[in-house]
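Proteins get letters first, then strands, A, B, ... in listed order; numbering begins at 1 in each.
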Number of protein chains: 2
Amino acid sequence: MTATTHRQGWGKALRPTEKVLPEHARAHHRSMVLQHLFHAGPRSRADLARATGLTRVTVSDLVGALVTEGLVTELGARQEGKVGKPASLVALDTSAFQIVAVDLADDERMHGAVLDLAGAVVERRSATHDGRTGQAAVDALLAFCQELAAAATRPLLGVGVGSPGVIDAHGTVVEAPNRGWFDVPLAATLSDALGVPVHVANDANTAVLGEFTFGGASGSLLVLTVGEGVGAGIVLDGALVQGARHAAGELGHVTAVDERDDVEHAPLGPAQPCACGRRGCLETVLAVPALRRRIAGLDPAAADAALASVGHRLGIVLAPVISALNLSEVVFSGPAELLDGPLRDAALAAVRERTMPVISSDLELRMTSLGEDGALSGAAVLVLSGQLGVT
Amino acid sequence: MTATTHRQGWGKALRPTEKVLPEHARAHHRSMVLQHLFHAGPRSRADLARATGLTRVTVSDLVGALVTEGLVTELGARQEGKVGKPASLVALDTSAFQIVAVDLADDERMHGAVLDLAGAVVERRSATHDGRTGQAAVDALLAFCQELAAAATRPLLGVGVGSPGVIDAHGTVVEAPNRGWFDVPLAATLSDALGVPVHVANDANTAVLGEFTFGGASGSLLVLTVGEGVGAGIVLDGALVQGARHAAGELGHVTAVDERDDVEHAPLGPAQPCACGRRGCLETVLAVPALRRRIAGLDPAAADAALASVGHRLGIVLAPVISALNLSEVVFSGPAELLDGPLRDAALAAVRERTMPVISSDLELRMTSLGEDGALSGAAVLVLSGQLGVT
DNA sequence: TTTGTTAGTAGACCTTCCTTACAAATCACA
DNA sequence: TGTGATTTGTAAGGAAGGTCTACTAACAAA
């Protein structure tokens with residue numbers, strides 16, 4: 001007498017909005033196969049069938065199509081001595097296509113690379129901004145992409161760009177003051193000019209996607225990028241958090257030093273003015289220039305204490321976020337000599353002090369495992385995700 | 001030369017994990033149709049086709065099935081004078097099924113109701129806990145559900161329960177100290193005994209689902225429930241945030257009063273011990289008993305100032321969360337006479353002070369529009385969502 | 001009365017997946 | 001060394017669901 005039963009689970013994007021055609025299902029299944037090959041390495045068709053829940057017949061069909069496309073190659077029979085017909089392994093051909101990735105986080109230079117499908121850098125380039133803004137900056141970026149595309153030795157899967165600023169899900173830059181971009185349909189423009197798919201996202205978001213895909217992260221994590229500014233990208237249950245105005249992750253301009261710190265002998269001193277026009281933003285104490293200024297000329301012990309003070313304040317800001325989202329993984333991206341020591345220790349201690357054990361006991365707060373290339377890897381993930389459905 | 005193009009969008013739960021069969025697509029489309037009828041009211045088949053993107057043929061077929069099931073009824077021809085054949089309207093029959101909803105947030109009594117599919121309360125009951133815990137508490141809840149089920153005048157779509165504690169996506173209570181429940185498969189147990197689908201979720205999560213569905217909310221919001229304790233539920237991009245350990249929304253035990261407040265004339269006084277064993281948790285100043293204690297015996301102006309102090313501190317805790325998630329809507333659920341005044345004003349002011357304008361300028365911080373029944377409505381949404389895919 | 005527009009339905013067709021059945025290749029054991 | 005068990009991969013047939021095209025019904029405006 002009851003109506004059809006759906007499965008329980010409110011974490012999986014309900015409020016249905018788009019129809020599902022057979023071809024979408026097909027693409028989804030194709031992505032599942034690629035996903036498993038990407039993360040688990042070479043497998044047999046039967047393995048993939050077990051992993052995906054599809055039948056061997058269907059997997060065979062999908063693999064056949066992928067082999068035809070060149071994305072997957074046959075490796076030959078598996079050498080293990082098990083009963084039954086030996087499996088023939090297939091693998092993702094990570095050299096079948098290449099990806100162009102560009103990182104615009106730096107105010108001085110554009111960093112770019114050609115990567116294979118495994119995220120390994122094949123070729124690296126960079127170019128100066130020369131202070132260009134607006135359309136000139138778009139043109140320079142386009143030329144840089146063309147240079148990289150020309151350097152590719154394989155067909156291009158697409159181009160991924162990580163840029164500072166507020167960027168919507170379609171790759172339109174809503175605002176990026178550094179480049180003088182406002183409502184610039186960057187992805188569409190580049191895609192038209194280059195003739196390949198282009199994906200653009202905020203640099204903190206590319207960082208978190210890179211960490212999520214290549215950093216061995218679990219389903220939910222926050223990546224805090226510390227450079228000229230401070231930003232954050234958040235992945236929850238495998239989905240990037242966009243925010244109401246595509247501005248999620250804006251942690252650099254949350255107040256971290258307030259009126260209660262305007263006292264003598266305050267560990268961080270009084271609140272400092274911020275570029276955003278307010279005072280005491282997290283960025284005024286945590287951005288790399290601020291950190292370097294703070295420890296300049298101090299002896300090691302005093303420098304450690306100063307970094308710990310900043311870490312403690314960072315922990316105070318992070319605690320409500322970690323608690324509200326029940327995050328189990330927080331990753332720092334930035335100069336390790338500043339972040340990966342007293343600062344990180346103090347931040348973790350502050351978070352533990354200020355949240356319940358159930359929240360903080362299994363919290364991991366670590367440095368990124370991707371080093372300098374985090375942003376580039378993340379931009380590549382934009383393409384992998386957008387074109388192949390692989391994350 | 002490039003591979004298949006997927007659509008851009010990393011906010012929509014990628015990392016594919018489950019296969020999609022035609023029947024799933026069918027269920028999805030059925031949900032889309034119900035969803036539109038639920039929120040937009042009576043529509044013609046052609047309207048639904050335009051809204052869903054499906055063809056008129058397919059919608060006709062789906063509507064036919066829904067009419068057969070009794071969920072949808074034919075209303076007859078539309079009376080508007082437009083060219084062409086007049087449309088025949090169909091509508092969700094909100095009285096076709098009923099839902100049993102139970103709210104366990106109160107430590108004294110279980111509150112329950114029978115609701116129709118529009119979320120309107122048809123019958124209301126309550127029962128005391130009598131301090132029962134463990135299996136006895138489960139049995140009492142089961143008996144209460146049976147009483148409510150017997151009071152229903154229509155076939156039951158299902159049962160929804162909102163309970164304090166940590167509850168996973170399958171309705172298993174991981175821990176609920178108040179009831180002495182640890183790893184209790186509540187949904188499965190009740191479903192077996194009652195013979196109808198049962199959905200169980202944390203009470204703060206039911207609150208946010210209720211607000212999301214019936215409160216006219218946009219895609220992302222946070223509901224802060226203030227009662228004996230303080231909790232929060234978060235919906236981002238239409239999906240409930242679960243957290244790594246199903247403990248998302250735990251804001252009550254984030255430190256809100258710290259060592260910097262251990263000074264003379266601190267507006268809130270020094271940090272107070274909390275039931276969780278630590279000191280200065282948000283709950284120690286914001287929970288209803290704490291608020292009542294704080295303003296007891298004060299003249300109105302002093303009481304307002306005291307509430308504003310608490311609100312200010314709440315704003316400090318909320319600012320990083322609002323900023324990190326770029327929330328545009330924060331909703332308070334609890335006694336309006338305490339929350340909806342100086343406290344709320346001060347909280348909003350503090351958030352605005354401590355975040356960028358781009359984040360806070362279009363932030364709405366309001367009281368729930370569902371009043372006392374928020375939790376019950378939310379429990380009903382569990383069932384609507386789980387059984388019909390309607391949110 | 002004719003023309004144009006919109007709503008809803010019927011039938012043919014396409015895609016995709018599943019089920020069933022089968023050949024091939026290997027191991028285990030008599 | 002043969003025989004059965006087991007596993008892999010593929011082929012053929014069928015079911016489900018959606019689209020496309022074509023049709024009828026019903027109304028407004030000219």
Side-chain angles (χ1 to χ4, degrees), chain A residues 4 6 16 18-33 36-37 42-69 72-91 389, chain B residues 4 6 16 18-33 36-37 42-69 72-91 389:
Chain A
T4 315
H6 284 232
E18 284 218 346
K19 64 176 173 180
V20 178
L21 265 54
E23 69 210 67
H24 299 141
R26 180 78 168 179
H28 178 79
H29 295 153
R30 200 184 90 114
S31 291
M32 289 174 72
V33 168
H36 277 280
L37 289 176
R43 293 286 127 139
S44 73
R45 293 165 175 80
D47 291 335
L48 293 169
R50 278 185 292 267
T52 58
L54 297 163
T55 61
R56 293 199 306 275
V57 178
T58 303
V59 170
S60 246
D61 195 40
L62 285 165
V63 167
L66 289 168
V67 169
T68 305
E69 286 182 59
V72 165
T73 48
E74 205 95 29
L75 290 190
R78 178 187 273 155
Q79 294 304 331
E80 295 165 25
K82 288 203 311 184
V83 62
K85 172 178 171 179
S88 65
L89 296 177
V90 293
Chain B
T4 315
H6 283 234
E18 283 218 345
K19 63 176 173 178
V20 178
L21 266 54
E23 69 213 67
H24 299 140
R26 181 78 168 176
H28 179 78
H29 295 154
R30 201 183 88 115
S31 291
M32 289 174 73
V33 168
H36 277 279
L37 290 177
R43 295 283 127 146
S44 73
R45 292 166 175 81
D47 292 335
L48 293 169
R50 278 184 292 266
T52 58
L54 297 164
T55 61
R56 294 201 303 274
V57 179
T58 303
V59 169
S60 252
D61 194 39
L62 286 164
V63 167
L66 289 169
V67 168
T68 305
E69 285 181 60
V72 164
T73 48
E74 204 95 28
L75 289 189
R78 178 187 275 156
Q79 294 304 331
E80 296 165 27
K82 292 202 308 183
V83 299
K85 173 178 171 178
S88 66
L89 296 177
V90 294

**Asked** Rounded to the Å, how far apart are A:L89 CG and D:dT7 P?
**Response** 17 Å

**Asked** Which of these nucleotides, D:dA26, D:dT19, C:dA25, is closest to any side-chain atom of A:L21?
**Response** D:dT19

**Main-chain N/O of A:S31 paired with A:H36 side-chain donor or acceptor, under 3.5 Å** = no

**D:dA5 OP1/OP2 closer than 4.0 Å to side-chain N/O of A:K85** = no

**Message:** In whole Å, I'd like the distance from the CG atom of B:L54 to the P atom of C:dG8.
**Reply:** 15 Å

**Fill in**
On DNA chain D, more 5' by nearest nucleotide between B:P22 and A:A87 is A:A87

**Request:** Please lay out, stage by stage, how A:D61 and A:R26 fare under the test salt bridge (charged side-chain N to carboxylate O under 4.0 Å, His left out).
**Result:** CA-CA 11 Å; A:D61 195 40; A:R26 180 78 168 179; 2.8 Å; yes

**Request:** In whole angstrom, give the distance that lies between atom CZ of B:R26 and atom P of D:dA15.
**Result:** 17 Å

**Request:** Please determine, for the side chain of B:K19, which listed nucleotide (C:dC18, C:dT16, D:dT10) has the closest atom?
**Result:** C:dC18

**Request:** Specify the separation, in whole Å, of atom CZ of A:R30 and atom C1' of C:dC17.
**Result:** 17 Å

**Item:** side-chain hydrogen bond (donor to acceptor under 3.5 Å, both in side chains) against B:S44, all qualifying residues, sequence neighbours excluded
**Value:** B:D47

**Prompt:** Any side-chain heavy atom of A:V90 within less than 4.5 Å of one from A:L75?
**Reply:** no

**Message:** Can you measure B:R50 atom CZ to C:dT5 atom P for me and round it to whole angstrom units?
**Reply:** 15 Å

**D:dG18 OP1/OP2 closer than 4.0 Å to side-chain N/O of B:H29** = yes

**Asked** Is the distance from OP1 or OP2 of D:dG9 to the nearest side-chain N or O of A:S44 less than 4.0 Å?
**Response** yes

**Request:** Provide the closest heavy-atom pair for B:K19 versus A:G53 in the form atom of the first, atom of the second, distance.
**Result:** NZ-O, 2.8 Å

**Complete:** A:R43 meets the salt bridge (charged side-chain N to carboxylate O under 4.0 Å, His left out) criterion, sequence neighbours left out, with none

**Rounded distance in Å - NE2 (B:H24) to C1' (C:dC18)** = 13 Å

**Request:** Tell me which of B:E74 and A:E23 sits closer to the 5' end of DNA chain C, going by the nucleotide each one is nearest to.
**Result:** B:E74

**Message:** Please check: side-chain N/O of B:H28 versus main-chain N/O of A:E18, any donor-acceptor pairing under 3.5 Å?
**Reply:** yes

**Asked** Has B:R43 got a side-chain N or O lying under 4.0 Å from the OP1 or OP2 atom of C:dA7?
**Response** no

**Prompt:** Atom CE of A:M32 to atom C1' of C:dC17: distance rounded to whole Å?
**Reply:** 13 Å

**Fill in**
Numerically ordered, the residues 55-64 of chain A set in heavy-atom contact under 4.0 Å with DNA chain D is A:R56, A:V57, A:S60

